[in-house]
Amino acid sequence: MSKYLVTGGAGYVGSVVAAHLLEAGHEVTVLDNLSTGFGEGVPAGATLINGRIQDAAEYLDPSFDAVLHFAASSQVGESVTNPGKYWDNNVGGTLALLTAMRGAGVRKLVFSSTAATYGEPTEGLLTEASVTAPTNPYGASKLAVDHMIAGECVAHGLAAVSLRYFNVAGAYGEFGERHDPETHLIPLVLQVALGQRESISVFGDDYPTPDGTCVRDYIHVADLAQAHLSALRVATEGEHLICNLGNGSGFSVREVIETVRKVTGREIPEIVAPRRPGDPAVLVASARTAHERLGWTPTRSDLTGIVTDAWNFARGHHS
Ligand SMILES: NC(=O)c1ccc[n+]([C@@H]2O[C@H](COP(=O)([O-])OP(=O)(O)OC[C@H]3O[C@@H](n4cnc5c(N)ncnc54)[C@H](O)[C@@H]3O)[C@@H](O)[C@H]2O)c1
């Protein structure tokens with residue numbers, strides 16, 4: 001049994017990973033300021049500290065085996081209008097966390113990085129060697145953190161894995177996605193199915209893709225959680241390992257909407273809107289490194305299963 005600090009464990013991905021760690025028999029402390037997370041989202045059996053990563057030095061001690069770091073501001077649009085918040089919370093907050101880890105002698109880290117570090121790719125499958133050219137302050141702040149972590153590994157022997165998530169989706173039982181404002185496609189389409197939103201906007205249907213709409217790589221949150229457990233096992237002193245997490249295949253916006261229609265049996269009116277600046281036609285991961293280094297293979301990549309789990313969660317939280 002190991003003891004883990006999970007920053008952001010009251011949020012969507014952090015709560016699912018915390019649940020998996022507890023099921024594997026580990027001890028979990030969640031550090032979360034509940035800015036976008038929910039106290040009731042923290043799995044039973046975990047200890048919740050309502051605090052900020054900026055104050056991590058108060059909470060970390062040598063009894064922790066590792067930190068899993070999910071806490072961040074992660075709204076792309078907000079990062080464009082309020083970039084300072086992203087440098088402050090994501091970069092400043094992580095710097096404080098890394099310093100606190102060094103002070104407490106906690107030498108292992110798994111970090112939630114993102115496909116947004118790559119920006120607008122010109123190639124098909126994105127590998128970890130692809131050019132990183134983020135197109136917004138959110139992606140830039142996450143890339144800056146990846147660089148900070150790399151330096152910490154070289155200078156101070158940290159063992160670290162950055163997991164670059166593509167589009168996380170689905171739910172794990174009672175743990176699911178509840179962002180406010182919601183910007184992710186599947187929960188937005190489910191809001192239409194629930195009557196909370198009149199229609200879904202399709203931003204551009206003239207892309208060079210089979211049906212003209214953007215293609216994205218959707219990864220089930222439970223598959224993602226398994227990758228974190230593997231990352232904790234393989235993290236090596238002095239190494240910063242970066243792994244993309246995706247399925248290696250994509251679904252178009254229209255395919256997602258059609259799947260929601262089938263799963264929910266509801267009407268989903270759609271409106272075609274202009275393209276959004278900075279939206280690449282296709283964003284799909286090569287998960288080869290995750291496969292080779294983490295021994296990770298996603299098992300829930302089927303879109304109907306992802307949407308069904310998200311729908312069951314959304315219905316349960318519909319008020
Ligand atoms: N959801 C996705 O599709 C996706 C994709 C790529 C990367 N990510 C990354 O994964 C991580 C988790 O994403 P999510 O969708 O679960 O987001 P979320 O907003 O649901 O969870 C983030 C959590 O961090 C907490 N938090 C924020 N700032 C904090 C601070 N200073 N101190 C303590 N707690 C703080 C929030 O209260 C929240 O509970 C984020 O780092 C995000 O950038 C998510």
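Heads up: numbering here begins at 1 and tracks the sequence. As the structure lists them, so they are numbered: ligands from 1, and atoms in each ligand from 1.
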task: Would you please classify the geometry between the Phe251 ring and the Tyr218 ring as parallel, tilted or perpendicular, with 30° and 60° separating the classes?
output: tilted
Short list, please: which atoms of ligand 1 are under 4.0 Å from a heavy atom of [X]?
X      : value
Arg52  : 32 (N), 33 (C)
Thr114 : 6 (C), 7 (C)
Phe70  : 11 (C), 12 (C), 40 (C), 41 (O)

So, is [X] polar-close to ligand 1, with some N/O to N/O distance under 3.5 Å?
X      : answer
Lys142 : yes
Ala71  : no
Tyr12  : yes
Gly11  : yes
Asn33  : yes
Glu177 : no
Ser73  : no

- request: Not counting sequence neighbours, which residues clear salt bridge (Lys or Arg N to Asp or Glu O under 4.0 Å) with Lys85? List them please.
  value: Glu78
- request: With rounding to the nearest 0.5 Å, note down the distance linking CG in Asn82 to CH2 in Trp87.
  value: 13.0 Å
